[in-house]
Visitor: 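Quick one: the structure is below, questions incoming.
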Amino acid sequence: MSAQLTVHRSGEPVVVAVGTTAAELFADDRDVVVARVNGELRDLSRVLAEGDEVEGVLISSEDGLAVLRHSTAHVMAQAVQQHFPEARLGIGPPIRDGFYFDFDVERPFTPEDLKTVEKTMQRIVKEAQRFERRVVTDDEARAEMADEPYKLELIGLKSSAGDAADGADAEVGAGELTIYDNVRRDGTVAFKDLCRGPHLPTTRLSGNGYSLLRSAAAYWRGSEKNPQLQRIYGTAWPTKDELKAYQERVAEAERRDHRRLGTELDLFSFPDEIGSGLVVFHPKGGVVKREMEDYVRRRHIEEGFDYVGTPHISKGGLFETSGHLPYYEDTMFPAMELENSKYYLKAMNCPMHNLIFRSRGRSYRELPLRFFEFGSVYRYEKSGVVHGLTRVRGLTQDDSHSYVTTEQAPAEIRHLLDFVLGLLRDFGLDDYYLELSTRGDSEKFIGSDEEWAQATAVLEEAALGTGLELRPDPGGAAFYGPKISVQARDAIGRTWQMSTIQYDFNQPARFGLEYTSADGSKQQPVMIHSAKFGSIERFFGVLTEHYAGAFPPWLAPIQVVGIPVADAHVDHLQAVAAKLKARGIRVEVDAADDRMPKKIRTWTKQKVPFLLIAGEEDAAHGAVSFRLRDGSQDNGIPVDEAVERIVDAVQRRVQV
RNA sequence: GCCCCGAUAGCUCAGUGGUAGAGCACUUCCUUGGUAAGGAAGAGGUCUCGAGUUCGAACCUCGAUCGGGGCUCCA
């Protein structure tokens, strides 16, 4: 009789007894929480079979963290049902940095409820309940989950779980159905849930670092046609230190929140009187915005764009022609009726640029023809989505449209890509990847398959040519054509969609755009849409968070503040300030009655890049003393040298 | 748009069915001080708006507006 079999542990053959579990194989490594058996994640309790390829999955690995978070979600669900026996279970998948679980409850959870649930979770963790996997038939699952209507729905869906809402496949895989029991040490079952798994060996491993974050409503299976469930979000980490580090990251993100900094630094505000999602820039924010715009306008002109201007409002027929109105009427501000016409605030600039193209005959000699403007558009975003500067109802796009021949399109797209990446770099964003948004199944996409395939191929080739990472985004295209977008990572690792480049074969046809080619025939140009920042407002918000309000000198609202040690030194600093002003530097001298340390505190909090301090010593030697935002000092610098140093930092657009 | 939460001084926030509070900021005065808060006095609020309940509402109810967290959406 053969009581032994051979498996491969991380590729190495190992002879083990029949009935050996993965847990036993990895008994020497306590950080292994789940096993990968023949490529599939399995519970450690899995009994190994002859020839299995087995790898230990560490709790700190991406898969390990997902399992930890999923299991922690189960712990939370058990705690919730303990306090709210009527709570029906939705789904509870792991997500980035944590997990959530949806519940159908009679009343929404309160912050106090979360505290109670969190405490109960501690008890469950301490009980070290085992996660036990059990295969069931559909009928058995239906019987056991008779009180869980949402689970029953999932059972019905399991064959198409791949198409189900995000997270549903964590509950039911495409194969056999399983139920996980949470078993106490005395053998009693504390909780069970229909779940694909795998799970941690016991609840104890969740205990090192979890925290419930917030509760919110979420539509069942992600559709607003479905009832809303109450979702609780939590975070979970292998160690307390990692939990703390996560909480610190969240706190840092809050400190950088552009809405907070916008108030603290007096950059912009959203007056109630104007309306939701409509921003006003204050003088200091106006400086940053103007510097951004001036630079971007100059760069566009250098890159061969013509600066144009168009109105904010138009008759509806224009947007009928472009095809926008049928698709997006409900996200446009409602029409104004006047002189028997319907006028709309524009939600996009391209139709107006098309009219400029069409205003006279065009020759192939003019192509590529590139129109650019800061075009203000208005979009009636749903009330629940308006958010700071990143999602507004009135925004200004740095929008351009390149009209090219089909042959010129690849080079133009490459040109645009290089241009936008260079621009982003100039603003201090130098870590990005690209996304290729393509046609989906939806009805909204217009144009033939061939056109889409060709346009997508052109974009893809240009994107690959940059050598940057390219991620697919199926179904993410605009209705009229595919797009490349640049996703930039900011100083704390978050990504933002910035620039977009779209290949459009539809609008030239809809507008009847044409140029005369070398052989005298009329040809239809291809149109390439491109926004570099997306919107000025949004980019302003992203930059504010990226720099945590400490803008590089060329963007800083106030670049230099002179701080006298005493009143007697004000004149000396005024003279320095005059020299700086003559060089175009934004400088102030703080002659107020405060003591010097107070002034340093005030202007440091305002994140002014250069503080120039002068007292007896500096004044006597025709010098100033630098104090930078990090607290470092550079004393006794001759005035002319100080001026050059500041001018140089501004001109080179460096951060200090 | 949907669910939940919120709105008190310029900002951050206490507060309670019966006279409106703090810190910072602001103004004035004293202080002339070398690297993140010197001292004193003062001014500042229709407690978001509208209706209702009440002898009485900033507080309780309803609605609106704006904001926050999510969901859905994002040309």
Side-chain angles (χ1 to χ4, degrees), chain A residues 100 102 107-111 165-166 213-233 257 259-260 263-264 266 269-278 319 322-325 327-328 330-332 347-351 377 379-388 390-392 395 397 437 444-445 476-481 483 497 500 502 504 506-507 529 531 534-535 538 563-570 592-605 611-619 625-629 631-636:
Chain A
Y100 66 79
D102 290 341
R107 63 161 178 85
F109 298 108
T110 65
D166 184 36
L213 301 175
R214 64 181 73 89
S215 63
Y219 295 107
W220 167 239
R221 299 185 55 220
S223 167
E224 57 189 329
K225 294 184 190 83
N226 288 338
Q228 283 196 324
L229 306 181
Q230 293 300 314
R231 173 173 297 180
I232 302 180
Y233 283 93
D257 191 311
R259 295 165 298 181
R260 166 200 288 256
T263 304
E264 286 176 2
D266 197 14
S269 60
F270 297 90
D272 294 358
E273 292 83 346
I274 298 179
S276 185
L278 297 165
F319 304 120
S322 71
H324 288 97
L325 205 41
Y327 288 91
Y328 297 109
D330 52 351
T331 43
M332 292 176 74
M348 67 300 297
N349 301 301
C350 31
V377 299
R379 296 174 181 180
Y380 179 52
E381 302 284 3
K382 289 184 190 173
S383 63
V385 307
V386 170
H387 180 92
T390 54
R391 196 80 180 268
V392 290
L395 58 130
Q397 293 181 310
S437 300
K444 78 170 183 179
F445 300 103
F479 70 87
Y480 49 75
K483 74 175 177 195
Q497 178 178 311
T500 58
Q502 293 173 280
D504 185 354
N506 274 303
Q507 286 202 47
H529 306 242
S535 88
R538 192 151 171 282
I563 298 180
V565 169
D567 279 355
H569 316 115
V570 169
D593 209 21
D594 291 320
R595 288 169 60 86
M596 186 203 58
K598 177 60 182 299
K599 292 180 181 175
I600 289 173
R601 176 181 158 83
T602 301
W603 296 108
T604 303
K605 281 176 66 179
L611 302 187
L612 294 184
I613 296 165
E616 236 3 83
E617 252 175 78
D618 284 311
S625 293
F626 277 83
R627 185 190 159 100
L628 302 183
R629 289 184 288 217
S632 65
Q633 301 174 35
D634 208 353
N635 296 339

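Chain naming here is simple, since letters A, B, ... match the order of the sequence lines and numbering starts at 1 in each.
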Visitor: Set out, line by line, the N/O atom pairs under 3.5 Å between protein and nucleotides 39-45 of chain B.
Guide:
none

Visitor: Using a heavy-atom cut-off of 4.0 Å across all strands, would you classify A/Arg259 as base, sugar-phosphate, or nothing?
Guide: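 Since only primed, P, OP1 and OP2 atoms lie under 4.0 Å of A/Arg259, the category is sugar-phosphate.
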Visitor: Which residue, A/Ser632 or A/Gly384, contacts RNA chain B at a nucleotide closer to its 5' end, judged by nearest heavy atom?
Guide: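 Nearer the 5' end of the strand: A/Gly384.
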Visitor: Across the strands shown, which category fits A/His387 at heavy-atom distances under 4.0 angstrom: base, sugar-phosphate, nothing?
Guide: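 Sugar-phosphate, no base atom in range.
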Visitor: Starting at the 5' end of RNA chain B and moving along, which residue's nearest nucleotide shows up first, A/Leu278 or A/Gly636?
Guide: A/Gly636
Visitor: If pairing requires Watson-Crick or G-U wobble contacts with both distances under 3.5 Å, which nucleotide is the partner of B/C49?
Guide: B/G63
Visitor: Give the intermediate values and the outcome of ring-ring contact (aromatic ring centres under 6.0 Å, His included) for residues A/Phe479 and A/Tyr328.
Guide: CA-CA 10 Å; A/Phe479 70 87; A/Tyr328 297 109; 5.7 Å; yes
Visitor: Please list, for nucleotides 9-13 of chain B, all pairs of protein and nucleotide N/O atoms separated by less than 3.5 Å.
Guide:
none

Visitor: Extract from the structure each pairing of a protein N or O with an N or O of nucleotides 59-66 of chain B at less than 3.5 Å, listing the distance.
Guide:
| unit_1 | atom_1 | unit_2 | atom_2 | d |
| --- | --- | --- | --- | --- |
| B/C66 | OP1 | A/Ser276 | N | 3.4 |
| B/C66 | O2' | A/Asp272 | OD1 | 2.7 |

Visitor: Check every strand shown and say whether A/Tyr328 touches a base, only sugar-phosphate, or nothing at a heavy-atom separation below 4.0 Å.
Guide: base
Visitor: Please determine, for the side chain of A/Arg595, which listed nucleotide (B/C71, B/G38, B/U32) has the closest atom?
Guide: B/G38
Visitor: Measure from the side-chain heavy atoms of A/Glu224 and tell me the nearest of B/U72, B/G70, B/A75.
Guide: B/U72
Visitor: Describe the nucleic acid contact of A/Lys605 in one word from base, sugar-phosphate, nothing, applying a heavy-atom distance below 4.0 Å.
Guide: base
Visitor: For A/Asp102 and B/C71, give me the distance from atom CG to atom C1', rounded to whole Å.
Guide: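 My rounded result for the distance is 10 Å.
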Visitor: Is any side-chain N or O of A/Tyr327 closer than 4.0 Å to OP1 or OP2 of B/C73?
Guide: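 The answer is no; no side-chain N or O of A/Tyr327 sits under 4.0 Å from OP1 or OP2.
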Visitor: State which of B/U32, B/C3, B/G1 makes the closest approach to the side chain of A/Tyr380.
Guide: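 Of B/U32, B/C3, B/G1, B/G1 is nearest to the side chain of A/Tyr380.
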Visitor: Would you classify A/Ala347 as touching base, sugar-phosphate or nothing, given that sugar-phosphate means primed atoms plus P, OP1 and OP2, and contacts are heavy atoms under 4.0 Å?
Guide: base
Visitor: Should A/Ser215 be listed as having a side-chain N or O under 4.0 Å from OP1 or OP2 of B/C4?
Guide: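 For B/C4, OP1/OP2 do not have a side-chain N/O of A/Ser215 under 4.0 Å.
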Visitor: Using a 4.0 Å heavy-atom cut-off, does A/Ala478 contact any base of the nucleic acid, only the sugar-phosphate backbone, or nothing at all?
Guide: sugar-phosphate
Visitor: Output the rounded distance in Å from CD1 (A/Ile613) to P (B/G34).
Guide: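 Checked: the CD1 to P distance equals 12 Å.
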